[in-house]
Amino acid sequence: MTAQLITPSSTFNIHKFTVQQYELILEAGVFAESDRLELINGEIRVMSPIGRKHAVCVAKTARAFQIKLGNQAFIWTQNPILLSNYFQPQPDLAILKWRDDFYAEALPTPDDILLIIEVADSTIAYDRDVKSPLYAANGISEMWLFDVNKKVVEGYSQPSASGYKRMQRYEQNETLAMMALPDIVFSWEEIF
(Lines give C-alpha, C1' and ligand atoms only; values in the text may rest on other atoms or scores of the structure.)
Protein backbone atom coordinates (compact mmCIF):
# COMPACT_ATOMS: atom_id res chain seq x y z
CA MET A 1 0.00 0.00 0.00
CA THR A 2 1.33 3.42 -0.94
CA ALA A 3 0.63 6.46 1.20
CA GLN A 4 -0.40 9.56 -0.63
CA LEU A 5 0.10 13.05 0.76
CA ILE A 6 -2.85 15.30 0.04
CA THR A 7 -2.14 19.00 0.29
CA PRO A 8 -5.10 21.34 0.35
CA SER A 9 -5.28 24.18 -2.11
CA SER A 10 -4.43 27.62 -0.76
CA THR A 11 -8.12 28.55 -0.51
CA PHE A 12 -9.32 25.34 1.13
CA ASN A 13 -10.63 25.69 4.70
CA ILE A 14 -10.10 29.42 4.95
CA HIS A 15 -12.83 31.47 6.55
CA LYS A 16 -12.88 35.17 5.74
CA PHE A 17 -14.46 37.30 8.44
CA THR A 18 -16.64 40.28 7.61
CA VAL A 19 -16.29 43.50 9.55
CA GLN A 20 -19.55 42.70 11.35
CA GLN A 21 -18.30 39.25 12.39
CA TYR A 22 -14.96 40.72 13.45
CA GLU A 23 -16.66 43.33 15.63
CA LEU A 24 -18.85 40.64 17.23
CA ILE A 25 -15.74 38.58 18.00
CA LEU A 26 -14.12 41.60 19.66
CA GLU A 27 -17.29 42.45 21.62
CA ALA A 28 -17.53 38.83 22.84
CA GLY A 29 -14.10 39.16 24.42
CA VAL A 30 -12.46 36.38 22.41
CA PHE A 31 -9.27 38.45 22.41
CA ALA A 32 -7.82 40.48 25.27
CA GLU A 33 -8.45 44.22 25.14
CA SER A 34 -4.70 44.74 25.03
CA ASP A 35 -4.33 42.66 21.84
CA ARG A 36 -3.43 44.79 18.84
CA LEU A 37 -5.51 43.43 15.95
CA GLU A 38 -6.79 44.54 12.57
CA LEU A 39 -8.90 42.96 9.84
CA ILE A 40 -7.04 42.67 6.53
CA ASN A 41 -8.75 40.90 3.61
CA GLY A 42 -11.06 39.14 6.04
CA GLU A 43 -8.18 37.81 8.14
CA ILE A 44 -7.66 38.86 11.76
CA ARG A 45 -4.04 39.94 11.92
CA VAL A 46 -1.97 40.49 15.03
CA MET A 47 -0.17 43.82 14.78
CA SER A 48 3.44 44.19 15.85
CA PRO A 49 4.17 45.66 19.26
CA ILE A 50 4.89 49.38 19.25
CA GLY A 51 8.56 50.16 19.79
CA ARG A 52 9.95 53.39 21.22
CA LYS A 53 11.05 54.90 17.86
CA HIS A 54 7.65 54.09 16.39
CA ALA A 55 5.75 55.61 19.33
CA VAL A 56 7.82 58.80 19.30
CA CYS A 57 7.35 59.26 15.54
CA VAL A 58 3.57 58.77 15.80
CA ALA A 59 3.30 61.19 18.74
CA LYS A 60 5.51 63.84 17.12
CA THR A 61 3.70 63.60 13.77
CA ALA A 62 0.25 63.70 15.39
CA ARG A 63 1.22 66.81 17.35
CA ALA A 64 2.61 68.55 14.25
CA PHE A 65 -0.58 67.83 12.33
CA GLN A 66 -2.78 69.00 15.22
CA ILE A 67 -0.89 72.29 15.52
CA LYS A 68 -0.87 72.99 11.78
CA LEU A 69 -4.36 71.76 10.91
CA GLY A 70 -6.33 72.84 13.98
CA ASN A 71 -10.00 72.35 13.11
CA GLN A 72 -9.39 71.95 9.38
CA ALA A 73 -9.06 68.19 9.78
CA PHE A 74 -9.31 65.50 12.42
CA ILE A 75 -6.26 63.46 13.47
CA TRP A 76 -7.31 59.83 14.03
CA THR A 77 -4.45 58.07 15.84
CA GLN A 78 -4.09 54.28 15.81
CA ASN A 79 -7.84 53.76 15.47
CA PRO A 80 -9.79 51.60 13.03
CA ILE A 81 -11.09 52.81 9.70
CA LEU A 82 -13.67 51.02 7.54
CA LEU A 83 -12.58 50.49 3.96
CA SER A 84 -14.69 47.53 2.86
CA ASN A 85 -16.66 44.62 4.27
CA TYR A 86 -13.38 42.70 4.78
CA PHE A 87 -10.92 45.48 5.53
CA GLN A 88 -10.81 47.36 8.84
CA PRO A 89 -7.18 48.34 9.39
CA GLN A 90 -5.74 50.51 12.13
CA PRO A 91 -3.30 52.90 10.48
CA ASP A 92 -0.94 54.81 12.73
CA LEU A 93 -2.53 58.10 11.64
CA ALA A 94 -5.47 58.95 9.44
CA ILE A 95 -6.04 62.59 8.62
CA LEU A 96 -9.79 62.93 8.23
CA LYS A 97 -12.29 65.50 7.09
CA TRP A 98 -13.56 67.42 10.11
CA ARG A 99 -16.79 66.17 11.65
CA ASP A 100 -18.34 67.69 14.75
CA ASP A 101 -19.41 64.26 16.04
CA PHE A 102 -15.77 62.99 16.01
CA TYR A 103 -16.95 59.99 13.96
CA ALA A 104 -19.13 58.72 16.80
CA GLU A 105 -21.87 57.57 14.41
CA ALA A 106 -19.65 55.48 12.14
CA LEU A 107 -16.00 54.71 11.49
CA PRO A 108 -14.25 56.80 8.83
CA THR A 109 -14.53 55.48 5.28
CA PRO A 110 -12.45 56.29 2.17
CA ASP A 111 -14.59 59.39 1.47
CA ASP A 112 -13.57 60.79 4.89
CA ILE A 113 -9.83 60.14 4.59
CA LEU A 114 -7.47 62.85 3.36
CA LEU A 115 -4.21 61.02 4.17
CA ILE A 116 -3.09 57.73 5.71
CA ILE A 117 0.23 57.56 7.55
CA GLU A 118 1.88 54.28 8.47
CA VAL A 119 4.99 54.31 10.67
CA ALA A 120 7.27 51.30 10.44
CA ASP A 121 10.35 50.06 12.18
CA SER A 122 9.99 46.28 11.75
CA THR A 123 6.91 46.23 9.47
CA ILE A 124 8.08 48.22 6.44
CA ALA A 125 7.57 45.35 3.96
CA TYR A 126 4.09 44.57 5.31
CA ASP A 127 3.01 48.22 5.21
CA ARG A 128 4.45 48.72 1.71
CA ASP A 129 3.49 45.40 0.11
CA VAL A 130 0.20 44.52 1.84
CA LYS A 131 -1.45 47.59 3.32
CA SER A 132 -0.43 50.21 0.75
CA PRO A 133 -1.97 48.37 -2.25
CA LEU A 134 -5.16 47.78 -0.24
CA TYR A 135 -5.41 51.47 0.66
CA ALA A 136 -4.96 52.33 -3.02
CA ALA A 137 -7.52 49.77 -4.20
CA ASN A 138 -10.03 51.27 -1.76
CA GLY A 139 -9.51 54.77 -3.15
CA ILE A 140 -7.39 56.41 -0.44
CA SER A 141 -5.89 59.29 -2.40
CA GLU A 142 -2.64 59.58 -0.49
CA MET A 143 -0.48 57.55 1.91
CA TRP A 144 2.80 58.36 3.62
CA LEU A 145 5.03 55.54 4.84
CA PHE A 146 7.58 56.52 7.50
CA ASP A 147 10.65 54.28 7.80
CA VAL A 148 11.93 55.20 11.27
CA ASN A 149 15.14 53.19 10.84
CA LYS A 150 16.27 54.86 7.60
CA LYS A 151 14.51 58.16 8.44
CA VAL A 152 12.82 58.27 5.06
CA VAL A 153 9.22 58.99 4.08
CA GLU A 154 7.70 57.43 0.99
CA GLY A 155 4.73 59.40 -0.31
CA TYR A 156 2.22 57.44 -2.37
CA SER A 157 -0.50 58.95 -4.58
CA GLN A 158 -2.64 58.26 -7.65
CA PRO A 159 -4.48 55.19 -6.34
CA SER A 160 -5.58 52.41 -8.66
CA ALA A 161 -6.98 48.90 -8.29
CA SER A 162 -3.44 47.49 -8.44
CA GLY A 163 -1.76 49.98 -6.08
CA TYR A 164 -0.46 53.52 -6.09
CA LYS A 165 0.93 54.71 -9.41
CA ARG A 166 3.22 57.39 -7.97
CA MET A 167 5.83 57.23 -5.19
CA GLN A 168 8.10 60.01 -4.01
CA ARG A 169 10.84 59.74 -1.37
CA TYR A 170 11.37 62.49 1.19
CA GLU A 171 14.59 62.75 3.15
CA GLN A 172 16.15 65.07 5.71
CA ASN A 173 15.99 68.82 4.91
CA GLU A 174 12.98 68.34 2.61
CA THR A 175 9.39 69.42 3.21
CA LEU A 176 6.12 67.55 2.84
CA ALA A 177 2.60 68.75 2.09
CA MET A 178 -0.66 66.85 1.82
CA MET A 179 -2.33 66.89 -1.59
CA ALA A 180 -5.66 67.75 0.07
CA LEU A 181 -4.20 70.79 1.89
CA PRO A 182 -1.11 71.77 -0.15
CA ASP A 183 -0.63 75.15 1.55
CA ILE A 184 0.18 73.47 4.86
CA VAL A 185 3.82 72.43 4.71
CA PHE A 186 5.70 70.26 7.20
CA SER A 187 9.44 70.48 7.68
CA TRP A 188 11.40 67.29 8.17
CA GLU A 189 12.23 68.22 11.77
CA GLU A 190 8.54 68.63 12.67
CA ILE A 191 7.73 65.03 11.86
CA PHE A 192 11.00 63.14 12.42
Side-chain angles (χ1 to χ4, degrees), residues 16-20 22 36-45 47-48 54 57-58 61-62 64-66 68-69 72-99 103 105-148 150-171 174-186 188 190-192:
K16 299 278 187 176
F17 294 99
T18 66
V19 167
Q20 183 181 16
Y22 173 62
R36 292 180 26 86
L37 306 169
E38 62 185 349
L39 187 68
I40 305 293
N41 284 334
E43 299 172 358
I44 299 172
R45 303 265 182 114
M47 298 170 66
S48 294
H54 182 282
C57 185
V58 170
T61 303
F65 271 84
Q66 189 63 56
K68 293 237 181 180
L69 298 178
Q72 293 182 66
F74 189 77
I75 292 55
W76 191 254
T77 307
Q78 296 177 328
N79 290 318
I81 57 176
L82 179 61
L83 300 184
S84 74
N85 199 32
Y86 295 96
F87 191 33
Q88 186 175 310
Q90 290 191 35
D92 290 305
L93 293 161
I95 311 305
L96 309 175
K97 294 177 182 173
W98 183 263
R99 277 192 12 198
Y103 292 89
E105 297 300 317
L107 289 176
T109 64
D111 289 339
D112 301 310
I113 300 168
L114 303 174
L115 171 68
I116 291 285
I117 298 174
E118 291 287 0
V119 176
D121 48 8
S122 63
T123 62
I124 193 79
Y126 175 70
D127 290 334
R128 182 186 295 126
D129 301 336
V130 175
K131 290 179 87 173
S132 174
L134 292 170
Y135 289 138
N138 282 278
I140 305 300
S141 61
E142 186 174 17
M143 177 193 157
W144 293 354
L145 177 57
F146 287 54
D147 182 335
V148 297
K150 293 182 179 177
K151 293 207 174 211
V152 170
V153 176
E154 296 175 359
Y156 296 90
S157 59
Q158 299 177 0
S160 72
S162 60
Y164 288 102
K165 294 180 181 180
R166 185 170 186 265
M167 192 278 278
Q168 183 172 351
R169 280 177 74 100
Y170 299 93
E171 297 178 1
E174 295 184 324
T175 59
L176 294 91
M178 296 171 44
M179 291 178 354
L181 299 166
D183 295 336
I184 299 174
V185 178
F186 296 89
W188 185 258
E190 288 175 302
I191 57 175
F192 251 122

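Hydrogens, waters and symmetry mates are skipped; everything else that's a heavy atom, side chains included, is used. Position 1 is the first residue of the sequence; numbering continues from there.
- Counting heavy atoms from C-beta outward, I95 and I75 have side chains that approach closer than 4.5 Å.
- Residue pairs meeting the side chain to side chain donor-acceptor pair (under 3.5 Å) criterion with at least one partner in residues 106-118, sequence neighbours excluded, are T109-D112, E118-K131, E118-Y135.
- Residues V19 and F87 form no side-chain contact, since every pair of their non-hydrogen atoms from C-beta on lies 4.5 Å or further apart.
- Separation of atoms CD (E174) and CZ (R169) is listed at 10.0 Å; rounding is to 0.5 Å.
- For D147 against F192, the heavy-atom pair with the smallest separation is O-CZ, 3.6 Å.
- When every heavy atom of P182 is checked against every heavy atom of A177, the shortest pair comes out as O-CB, 3.7 Å.
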(request) Run the numbers on I140 and Y164 for side chain to side chain contact (heavy atoms under 4.5 Å, CB included), then give the verdict. (result) CA-CA 9 Å; I140 305 300; Y164 288 102; 3.5 Å; yes

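- In this structure, CG in L93 is found 6.5 Å from OG1 in T61, a value given to the nearest 0.5 Å.
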Exercise for the section: Assess whether side chain to side chain contact (heavy atoms under 4.5 Å, CB included) is satisfied between K68 and L181, documenting all intermediate values. Expected result: CA-CA 11 Å; K68 293 237 181 180; L181 299 166; over 6 Å; no

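- In this structure the side chain of T123 never reaches within 4.5 angstrom of the side chain of H54, judged on heavy atoms.
- Two residues are said to be in side-chain contact when any heavy atoms from C-beta on lie closer than 4.5 Å; Y103 and N79 fail this criterion.
- Residues I40 and Y126 form a side-chain contact, since some pair of their non-hydrogen atoms from C-beta on lies under 4.5 Å apart.
- Considering F186, F74, W76 as possible partners of F65, the one that fulfils the ring pair (Phe, Tyr, Trp, His ring centres under 6.0 Å) test is F186.
- Within the 4.5 Å cutoff, the side chain of L114 has no heavy atoms near those of the E142 side chain.
- Taking 4.5 Å as the limit, every side-chain heavy atom of W144 sits out of range of all side-chain heavy atoms of Q168.
- The backbone N or O of A64 sits nowhere less than 3.5 Å from a side-chain atom of E190 that would complete a donor-acceptor pair.
- Here the side chains of N41 and Y86 are not in contact, with every heavy-atom distance at 4.5 Å or above.
- Scanning both residues, V148 and C57, for their nearest heavy atoms gives CG1-CB, 3.8 Å.
- Residue K150 places its NZ atom among 12 or fewer non-hydrogen atoms of other residues, nucleotides or ligands, all under 6.0 Å distant.
- Formation of a donor-acceptor pair under 3.5 Å by the E38 side chain with backbone atoms of Q90 is found in this model.
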